[in-house]
Amino acid sequence: MGAELNRIFDAVAKNSIFTNKFVLQTSYTPENIPYRDKQIEQVASILAPALRGDRPSNLFIYGQTGTGKTLSAYYIRDELMKRAKDQSLPLRIEYLNCKLKKVADTEYRILAELIKKLGGEVPSTGLPTDQVYNKFIELVEKEKKLLIIIFDEIDQAVKKISDEFLYNLTRLNSELSQSQISLIGISNDLKFLDSLDPRVRSSLGEEELVFSPYNAVQLQEILRERSTHAFKEAVLEEGVLQKCAAYAAREHGDARRALDLLRISGELAEREGGDKIQTRHVDMANEKIDRDKIIDVIEAAPKQFQLVLLGVMNIHDTKKGDRIFTGEVYEVYSELCQKYRIEVLTQRRVSDILAEMDMLGLINAKLVSHGRHGRTRDIRLSIPNKIWNRVKEIILNNL
DNA sequence: AGGTATTCACATGAAACTATTCTCTGAGTTAGG
DNA sequence: TAACTCAGAGAATAGTTTCATGTGAATACCTGT
C-alpha cells in the first residue's frame with residue numbers, strides 16, 4: 001500500500017507531462033479565440049453604441065455548450081471596459097450565470113446577486129421581492145451609468161421562474177432616468193426565444209446571433225494551440241489530439257469537452273508515471289468524464305430520487321433486457337420505501353423524478369403507447385454497468 | 001373489410017400545501033446613570 | 001434610558017400532494033357488403 005502511494009506521489013511530483021495545466025482548464029481565458037472572429041465582430045458592432053453613451057440593443061446569443069459563447073462574452077466585456085476606462089465613459093458590464101444553483105435560480109436571487117455586484121446588500125431571504133426591485137432600481141439609478149447585464153444560460157432561469165422577470169427588466173428602462181440597461185441573453189436552447197412571451201421576445205431579441213458548433217478540424221486546431229502551452233515537448237503521441245477532437249465533435253462540437261478530455265488524459269498518463277499521452281488515455285478519460293458526471297449527479301440527488309433509481313436498477317437486474325415501465329418502477333420503489341421505512345411518494349411525483357432522470361441522462365425514457373394497454377415511459381438504464389456497484393453503494397450508504 | 005368509439009395507464013399541468021430558512025419588529029428585560 | 005434578547009409575523013423556497021385534464025393506438029363494437 002505504502003509503496004503504491006509512493007509510486008503515485010513520485011510519478012506526479014516528477015511531473016513529466018504538464019508545463020502549465022491551467023491553460024486547459026475551463027476557467028482559462030485565452031488571448032485570442034479561434035474561429036469566432038466573425039461573431040465577436042458582430043457583437044462588438046452591436047454593443048459599440050455604448051461607447052457613444054447610447055443604449056445598445058438587447059442581444060440574444062444562441063449556441064450549444066462549448067461553442068465559445070461565454071468566452072466571447074468575457075472577451076468583449078473586457079475589451080469594452082478597457083475602452084470605457086480609457087475614455088472614462090459611464091459604462092458598466094456585469095456577467096451573471098443563471099445556472100448556478102443557490103446563486104441565481106430564482107427571481108429574488110438574481111436580483112440579489114445583481115445588487116451585490118453593484119455594491120449593495122440584501123439578505124438572502126425574508127424580504128418581499130418588490131422591495132428588492134426597488135433597491136435594485138435605486139442602486140442602478142445612483143450609478144448613473146449605462147449598464148449592460150449578461151445573463152448566461154438564461155433559459156435555465158426562465159424555466160425555473162417565469163419570463164416575467166425578464167419582462168420586468170426590459171421595462172425597467174422606462175423607470176430609469178439617470179441610467180439605462182441593456183440585456184444580453186445567452187442560451188443553448190434555440191427554441192427558448194420562441195417559448196417566451198411575445199413582448200419579451202421582441203425586446204430581448206432586438207438582435208440575435210448564433211454561435212455554430214466547431215467541427216472536428218477546428219477543435220483539433222484549438223487543442224493544438226493550447227497544447228503547446230500546456231504540455232512539455234513531445235508528450236503527445238500521434239493521434240491523441242485527433243481523438244479528443246473526434247470525441248468532442250460527436251458531442252455537438254463541444255470545445256470544453258475536448259479540453260477536458262485532453263487535460264484528463266494527461267492527468268491519467270501522469271498518474272501512471274508515463275511521460276507520454278497515448279490514445280488509450282483519451283478513451284479512459286472519456287469514460288472517466290462520463291462516470292464522474294453520473295456519480296456526482298447521484299451523490300447530490302435527494303434520497304427519494306436515489307431510491308427511485310435503485311428501484312429501476314433492481315428491476316433491471318431481475319428481468320434482463322425487458323422493457324421497464326413507470327408502473328413497475330413505482331411498485332418496486334414503494335416496496336423499497338417500506339423496507340427502509342421511508343415515506344412513499346405519489347406516482348405523480350415519481351413520474352416527475354423519472355423525467356428528471358431522463359434529463360440527466362441516468363436513464364433513457366421514451367414515451368410509448370401500448371394502445372389498449374395505455375401509455376407509459378419505456379425506460380432503459382443508461383448507467384454503465386462498470387459503476388453499478390458504486391452507485392448502489394452510494395445509495396445504500398445514504399440509507 | 002372498413003370505420004368509429006372506447007379504454008387503458010399513464011403523462012402533463014396547475015394550484016395548493018408543508019417544512020424550513022431567513023429577516024424584521026416590537027415587547028419585555030437588563031444594566032448603568 | 002439605552003442596549004439587549006427573544007418570540008412571533010411575514011416572505012421565499014424546495015419538495016411534494018391534490019385535483020384535473022390530456023393522449024396514442026390496440027382493441028371492441030358496428031355497419032353495410
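Each chain gets a letter, A, B and so on, in the order its sequence line appears, and its residues count up from 1.
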Result block: side-chain N/O donor-acceptor pairs under 3.5 angstrom for residues 242-253 of chain A, not counting sequence neighbours:
from     : atom 1 : to       : atom 2 : distance (Å)
A:Lys243 : NZ     : A:Asp283 : OD1    : 3.4
A:Lys243 : NZ     : A:Asp283 : OD2    : 3.0
A:Tyr247 : OH     : A:Asp283 : OD1    : 2.4
A:His252 : ND1    : A:Gln64  : OE1    : 3.4
A:His252 : NE2    : A:Thr65  : OG1    : 3.0

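- Applying the ring-ring contact (aromatic ring centres under 6.0 Å, His included) rule to A:Tyr75 yields no partners; only residues at least two apart in sequence or on another chain are considered.
- For the pair A:Ile353 CD1 and B:dC10 P, the interatomic distance rounds to 16 Å; values are reported in whole Å.
- For A:Phe305, there are no ring-ring contact (aromatic ring centres under 6.0 Å, His included) partners, not counting sequence neighbours.
- At most 12 non-hydrogen atoms from other residues, nucleotides or ligands lie less than 6.0 angstrom from NZ of A:Lys366.
- When the side-chain hydrogen bond (donor to acceptor under 3.5 Å, both in side chains) test is applied to A:Ser202, no partner is found at least two apart in sequence or on another chain.
- Under the ring-ring contact (aromatic ring centres under 6.0 Å, His included) criterion, A:Tyr62 pairs with no residue at all, not counting sequence neighbours.
- For the segment residues 334-347 of chain A, the set of residues with a heavy atom within less than 4.0 Å of an atom of DNA chain C comprises A:Val344, A:Leu345, A:Thr346, in numerical order.
- Test A:Glu272, A:Glu237, A:Glu287 against A:Arg280 for salt bridge (charged side-chain N to carboxylate O under 4.0 Å, His left out) and you get one pass: A:Glu272.
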Can I get a per-line list of side-chain donor-acceptor pairs under 3.5 Å for residues 35-42 of chain A, giving both atom names and the distance, sequence neighbours left out?
from    : atom 1 : to       : atom 2 : distance (Å)
A:Arg36 : NH1    : A:Thr67  : O      : 2.6
A:Arg36 : NH1    : A:Ser212 : O      : 3.1
A:Arg36 : NH2    : A:Ser212 : O      : 3.0

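- Axis angle between the ends of the helix from B:dA1-C:dT31 to B:dA31-C:dT1, five pairs each and rounded to 10 degrees, works out to 20°.
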Just the atom pairs and distances: protein N or O near nucleotides 2-5 of chain B's N or O, under 3.5 Å.
none

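- A:Glu356 has its CD atom 12 Å from the C1' atom of C:dT16, to the nearest Å.
- What separates CD1 of A:Ile324 from P of B:dC10 is a distance of 14 Å, to the nearest Å.
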Please list each protein N or O that sits under 3.5 Å from an N or O in nucleotides 26-29 of chain C, with the distance.
from   : atom 1 : to       : atom 2 : distance (Å)
C:dA26 : O4'    : A:Arg372 : N      : 3.2
C:dA26 : N3     : A:Arg372 : N      : 3.4

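- Taking the centre of each ring, A:Phe325 and A:His370 come in below the 6.0 Å mark.
- For A:Arg224, the salt bridge (Lys or Arg N to Asp or Glu O under 4.0 Å) partners at least two apart in sequence or on another chain are A:Glu221.
- A:Arg349 places its CZ atom 12 Å from the P atom of C:dA14, with the value rounded to the nearest Å.
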Spell out protein contact along nucleotides 12-18 of chain B as letters: B when the base is contacted, S when just the sugar-phosphate is, - when no protein heavy atom is under 4.0 Å; keep the 5' to 3' order.
-> BB-----
